[in-house]
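Note sheet for the following structure.
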Amino acid sequence: MIEVDVIPEVDSVLGYNDEFIIENKTTISFSETFKVSANFLQSFILNGSGIQLKSIEKNGSILFIQNDSIPSEGYKLETFKDKIKIIASSDQGAFYGVQTLRQLMPASLENGSFDKDKIRIEAVSIKDEPKFPYRGMHLDVGRHMYSVDFIRKYIDAMAMLKMNIFHWHLTEDQGWRIEIKKYPKLQEIAAYRDETLVRHYSDQPHQFDGKKYGGYYSQEEIKDIVTYAEERFVTIIPEIEMPGHSQAAIAAYPELGCKGEQVEVAKKWGVFEEIYCTKDETFNFLEDLLDEVLELFPGKYIHIGGDEAPKTRWKSCSDCQARIKSEGLKDEHELQNYFIMRIENYLNSKGRQIIGWDEILEGGLAPNATVMSWRGTSGAVEAAKSGHNVVMTPTSHCYFDYYQSDNEDEPLAIGGYLPLEKVYNFNPIPEELSKEESKYVLGAQGNVWTEYMPTEDKVEYMTFPRMLAMSEVLWSKPEHKDYVDFVSKVENFHKRLDALDINYANHLYEIEGEMISEDRKSFYQLKTLTEGKDIRYTLDGSEPNLNSEAYTSKIPITKSTTITAAVFNNKERLGKVFSQSINYHKGVGAKITIDKVPHKAYSGSGAEGLINGISGSDSRYGDKEWLGFSGEDIEITIDLGEVQAINFIETRFHNGNGQWIYAPRKFSIEVDSTLINYDSDNEDKLIANQIKGVGQYSRFVKIKIPNYGTIPEGKQGAGNKAWTFIDEIIIN
C-alpha cells in the first residue's frame, strides 16, 4: 500500500506512474443518484480554479458510477491518465470519494488562489469505507455563541474529514440558543446573561466582565443550517438539556423549577441546583418545545442531556416527593429515570429516539435510549452489556476543551491534558466488551465545551488538529493507522487549513522529553514527531541555536539541571523552545511501587513519574507528571536501594474541586518504622506538603494516602467518590 496524503487514512490504495489533468475541456457525467456529490465537485473546482466541468450525459472524463455491492458510505476512486471514476452505491459514499479526490488536489483550490490552467492529480486506485457509522463532533453554543457562518464552516470541516454527526449543544444554564415560538421568554430572558466570568473558575474570588451576553438562533437560521448540513451528509443532533443544566429556562419561567422563585441566567460555569421540577406543568412545557425542535431537526436522535443533575431541589420539593410516592419510586435517582423515560416515551411516540449522557443510567436505563459515555468507559460497558447502543466520548480522549500542550503559554483552558497523540491512539471499543457486545458501540465524537472559548478563533485552535486525529480514529482501520505517518500528513495538511483560514494549533515542532532510569542511573531523552529535523540543546538554561549541541543520544543526569532544546531545520528554529528543570533528589532512579494502578486516563508517566525529578504543572492536573486515582486509598513504597539519611520529604496534591478532585484530608509517611501523620485539609488549589526534620536513616519510605471520600452535596460531582491527584515525591 502506497502513502497518499489523505486524512482520514484510506483503506487501500494502489499508485500508478501517471496523472490525470483537469482543464477547461474536462467533462463530467453523473446520474440523479449522485447529484449532491457531483455538484459539490463541480463547485469546488470552479470556485477554486475557475475551471468549469462541462456536464454530459454519458462517458465524461469524470464518471460517477453506481455499484450496489459497495457499502452505503464506502466508495472506490480510480484516477487514470484519461479518466476519473467515483464508484459508490449511494450519493453519500460518492461524496466521501469526492472528499478524497479533493485532498489529492492542491490546497490552493480551497481559497481560489490556484493560478494555473490545469489541475494535476496523481493516478491512484483507492478503495475505502468507514470503521464506525457514528463519526461525530460536538459544539457547545450555550456558554459562548458563534455566528451562523461559523457553524457552516465547522460543518464544512467535518464533511471534508468524512465525519457525519454534528452534536449541537443548544441549551445551558448560561444561555438558551434555540428559538421556541410558543415560549417567547426563552428568547427574551433565557438567551441572555447579565455578565460572564472572566479568568478561570478556580481563580478566587470570581471576577466578571460586567457585560450583557447572549443571543439565539432563529428557526429560519436553524432550518438553513440543517439543510446546509444535509447537503454535506452531516446529520445534526440537537441537545436540549434536562432535567439539569436548565437554569436559563427556569430564569425565563420560574414555575418550571421546584421553588417557583425567580433565578438569574447563570453567569459563571459549573453545576447548579436549579433543575426542572417533575410536575406535569414541566412536562407539558418540554413536550411543547420538543414539538418545535422536531419540526426543525429531521434526524433520528434528540439528545436530552441527563447529566450533572443535582437532586437537592427534588429532595425538598413537595411535588417531586409526591411524584416519587405516586409512581412507587425508591429515591431521587429513580425519579431521574422516571423523568428520562417519560421524555423518551414522548419522543418515541413521535418516531424519534433519545440519546443522553451516561447519567441517564441512574435508576435504570430507558428502554430505547442510546448512551453517550463521558465519565470514562464504565457507562458504555454497562449499557452495551444490556444491549443498548453507545457513543464513546470519554473525557480522557475526547474533550477538546483540555490543554493540548505542556507549554505554560497555552491559552486558558478548563484543565486536563489531551495531546494530539492521545486522541489518535483512542480505541472506542472498551476492552471489557466481547466481540458481540462491541457491536453496540456506534462510534465516538470529539466534544468542544466552550467555557473558555469566547471567540471562533479559539474554538478552531482547540479543535484543530485534534479533529483530524478523531476523524482517523473513527474512519480508518487500526491496521492502517500509524502516528508517525499521521504527523507527516498533518504537517502537509497545514497548507489546506491555512487556505481554509482555520486557526489551528501547531505543536508538531515541539519537543517531548522523558526521564528514564537504567540500573539506578538516570538519563533524559528528547524526541520530536516530525522527521528530517534536528534537535539542538543546552544544559545551562541558555536558548539553543543552530550552533548548539545536536541531540544524538540520551543525556546522563547526575545533578540538578535545566535542559533547553528546540527543533531546527538547516536554516532556522521551528516551533517553540522546550525547557525542563530537573530536581535531582535522592528518590530519582529509586524503585517505586503503588498498591493501586493509576486510572488509565490519568496515568502520567506511571509510578516512576512520581520520583523522576520533574514536578507537574501548577495549572494542569492531567499532564505527564500528575497521577490520578479515582476514589481509591493508595499506598506508595519507595526503595532507595540502600540506607540513606532523610532530612525532608515533600509532595503535593491537586485540589481542583470543580473537576471532582480533592486533596486528601490527611496522609501518613513511614520512615524507619517512624510514622508521621500529616493533616492537609485546606482550600488551596495546590496543596504542598513538606515534612521537615525527619532526621531518620532508612532504605524505605512508605506513604499512605486515604481518598477524600464522597463529594458533599452542593459540590460538582456530589455523591461520587473524589479523585486523588499526586505530584512528585521529593526526598532529600
Side-chain angles (χ1 to χ4, degrees), residues 4-8 10 18-30 34-56 60-64 75 77-86 88 91-124 126 128 149-163 228-234 456 460 464-465 467-468 471 489-504:
V4 289
D5 277 336
V6 174
I7 298 176
V10 299
D18 218 327
E19 63 183 11
F20 180 89
I21 295 175
I22 295 178
E23 51 193 339
N24 277 318
K25 65 180 182 180
T26 303
T27 56
I28 183 170
S29 298
F30 58 93
F34 300 114
K35 182 178 179 180
V36 172
S37 51
N39 285 344
F40 184 97
L41 179 60
Q42 285 180 294
S43 296
F44 177 76
I45 291 173
L46 178 62
N47 295 333
S49 68
I51 296 172
Q52 174 77 60
L53 297 180
K54 181 182 178 182
S55 293
I56 61 175
S61 308
I62 300 175
L63 281 172
F64 284 77
Y75 67 90
L77 172 64
E78 297 177 343
T79 62
F80 301 115
K81 182 177 182 180
D82 61 344
K83 193 80 67 178
I84 289 180
K85 296 179 182 179
I86 299 170
D91 207 356
Q92 185 172 6
F95 182 82
Y96 296 140
V98 167
Q99 299 311 309
T100 295
L101 181 60
R102 168 187 184 177
Q103 290 190 40
L104 297 178
M105 299 185 208
S108 54
L109 268 75
E110 301 288 353
N111 63 0
S113 62
F114 183 80
D115 58 1
K116 297 179 175 61
D117 58 2
K118 296 179 180 180
I119 304 170
R120 299 178 183 276
I121 299 174
E122 181 182 3
V124 293
I126 292 172
D128 203 12
D149 284 345
F150 180 76
I151 301 299
R152 290 194 191 102
K153 185 180 181 184
Y154 196 82
I155 291 168
D156 278 337
M158 289 177 57
M160 176 177 61
L161 297 168
K162 305 182 178 77
M163 303 184 92
Y228 190 85
E230 286 175 339
E231 290 171 350
R232 286 148 184 80
F233 298 97
V234 172
E456 294 166 359
E460 291 178 349
F464 295 91
M467 187 195 285
L468 309 184
S471 77
K489 289 192 298 180
V490 171
E491 187 176 15
N492 183 62
F493 206 85
H494 284 169
K495 295 191 288 288
R496 199 166 298 274
L497 295 176
D498 287 334
L500 289 166
D501 192 28
I502 290 175
N503 181 40
Y504 57 92

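Heads up: numbering here begins at 1 and tracks the sequence.
- Here the shortest heavy-atom pairing between Gly48 and Phe114 reads O-CB, 3.5 Å.
- If you check the side chains of Thr26 and Ser61, you find no donor sitting under 3.5 Å from an acceptor.
- Atom CG of Asp115 sits about 11.0 Å away from atom OG of Ser49, to the nearest 0.5 Å.
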| field | Working for side-chain contact (heavy atoms from CB on, under 4.5 Å), residues Val234 and Met163 | value | CA-CA 7 Å; Val234 172; Met163 303 184 92; over 6 Å; no
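- Between the CD1 atom in Ile121 and the CD atom in Glu19 there is a gap of 9.5 Å [rounded to 0.5 Å].
- Atom CE in Met467 sits 12.5 Å away from atom CD1 in Ile7 (nearest 0.5 Å).
- Phe150 does not carry Arg152 over the face of its six-membered ring by the limits of under 6.0 Å from the centre and within 45° of the normal.
- Contact check for Glu456 versus Lys153: no side-chain heavy atoms found under the 4.5 Å cut-off.
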| request: Run the numbers on Asp128 and Tyr96 for side-chain contact (heavy atoms from CB on, under 4.5 Å), then give the verdict. | output: CA-CA 9 Å; Asp128 203 12; Tyr96 296 140; over 6 Å; no
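- Defined by atom type and a distance below 3.5 Å, a donor-acceptor pair is present between the side-chain atoms of Thr100 and Tyr75.
- For the atom pair CZ of Arg232 and CE of Met158, the computed distance is 12.0 Å after rounding to the nearest 0.5 Å.
- Judged by distance alone, the side chain of Lys83 and the main-chain N or O of Gly60 form a donor-acceptor pair under 3.5 Å.
- Side-chain contact between Asn492 and Lys495 is present, with heavy atoms from C-beta onward closer than 4.5 Å.
- A pairwise comparison of heavy atoms in Ile502 and Ala157 identifies CD1-CB, 4.4 Å as the closest pair.
- Minimum interatomic distance between Ala88 and Ala94 (heavy atoms only, all atoms of both residues): CB-N, 3.4 Å.
- Residues Phe20 and Phe80 place their aromatic rings such that the two centres sit no closer than 6.0 Å.
- Counting heavy atoms from C-beta outward, Ile86 and Ser37 have side chains that stay 4.5 Å or more apart.
- Within the 4.5 Å cutoff, no side-chain heavy atoms of Glu122 are placed close to those of Thr79.
- Considering every non-hydrogen atom in both Leu77 and Gly97, the closest pair reads CD2-O, 4.1 Å.
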| request: Kindly indicate, with the supporting measurements, whether the criterion side-chain contact (heavy atoms from CB on, under 4.5 Å) is fulfilled by Asp5 and Phe493. | output: CA-CA 8 Å; Asp5 277 336; Phe493 206 85; over 6 Å; no
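- In this structure, the separation between NZ on Lys118 and CD1 on Ile21 is 5.0 Å, given to the nearest 0.5 Å.
- Note: Phe40 and Phe95 have perpendicular aromatic rings, judged against thresholds of 30 and 60 degrees for the angle between ring planes.
- At a threshold of 4.5 Å between non-hydrogen side-chain atoms, the residues Leu468 and Lys489 do not count as touching.
- The CD1 atom of Ile45 sits 5.0 Å away from the CD1 atom of Ile119 when rounded to the nearest 0.5 Å.
- Inter-residue side-chain proximity for Ile22 and Ile51 is flagged as met; some heavy-atom pair is nearer than 4.5 Å.
- In this structure, Asp498 and Tyr504 have side chains that are in contact, with non-hydrogen atoms separated by less than 4.5 Å.
- The salt bridge (charged side-chain N to carboxylate O under 4.0 Å, His left out) pairs that include a residue from residues 34-43 are Glu32-Lys35, where partners are two or more places apart or lie in different chains.
- Across every non-hydrogen atom of Ala499 and Glu110, the tightest pair is CB-CB, 3.7 Å.
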| task | Output, in order, the C-alpha distance, side-chain angles, deciding distance and verdict of side-chain contact (heavy atoms from CB on, under 4.5 Å) for Gln103 and Met160. | result | CA-CA 9 Å; Gln103 290 190 40; Met160 176 177 61; 4.2 Å; yes
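- Taking the side chain as every heavy atom from C-beta outward, Asp501 and Asn111 never approach each other to under 4.5 Å.
- Between the side chain of Ser29 and the backbone N or O of Ile56 there is at least one donor-acceptor pair closer than 3.5 Å.
- Side chain of Asp91 to main chain of Val36: a donor-acceptor pair is present (N/O by atom type, distance under 3.5 Å, no hydrogens or angles).
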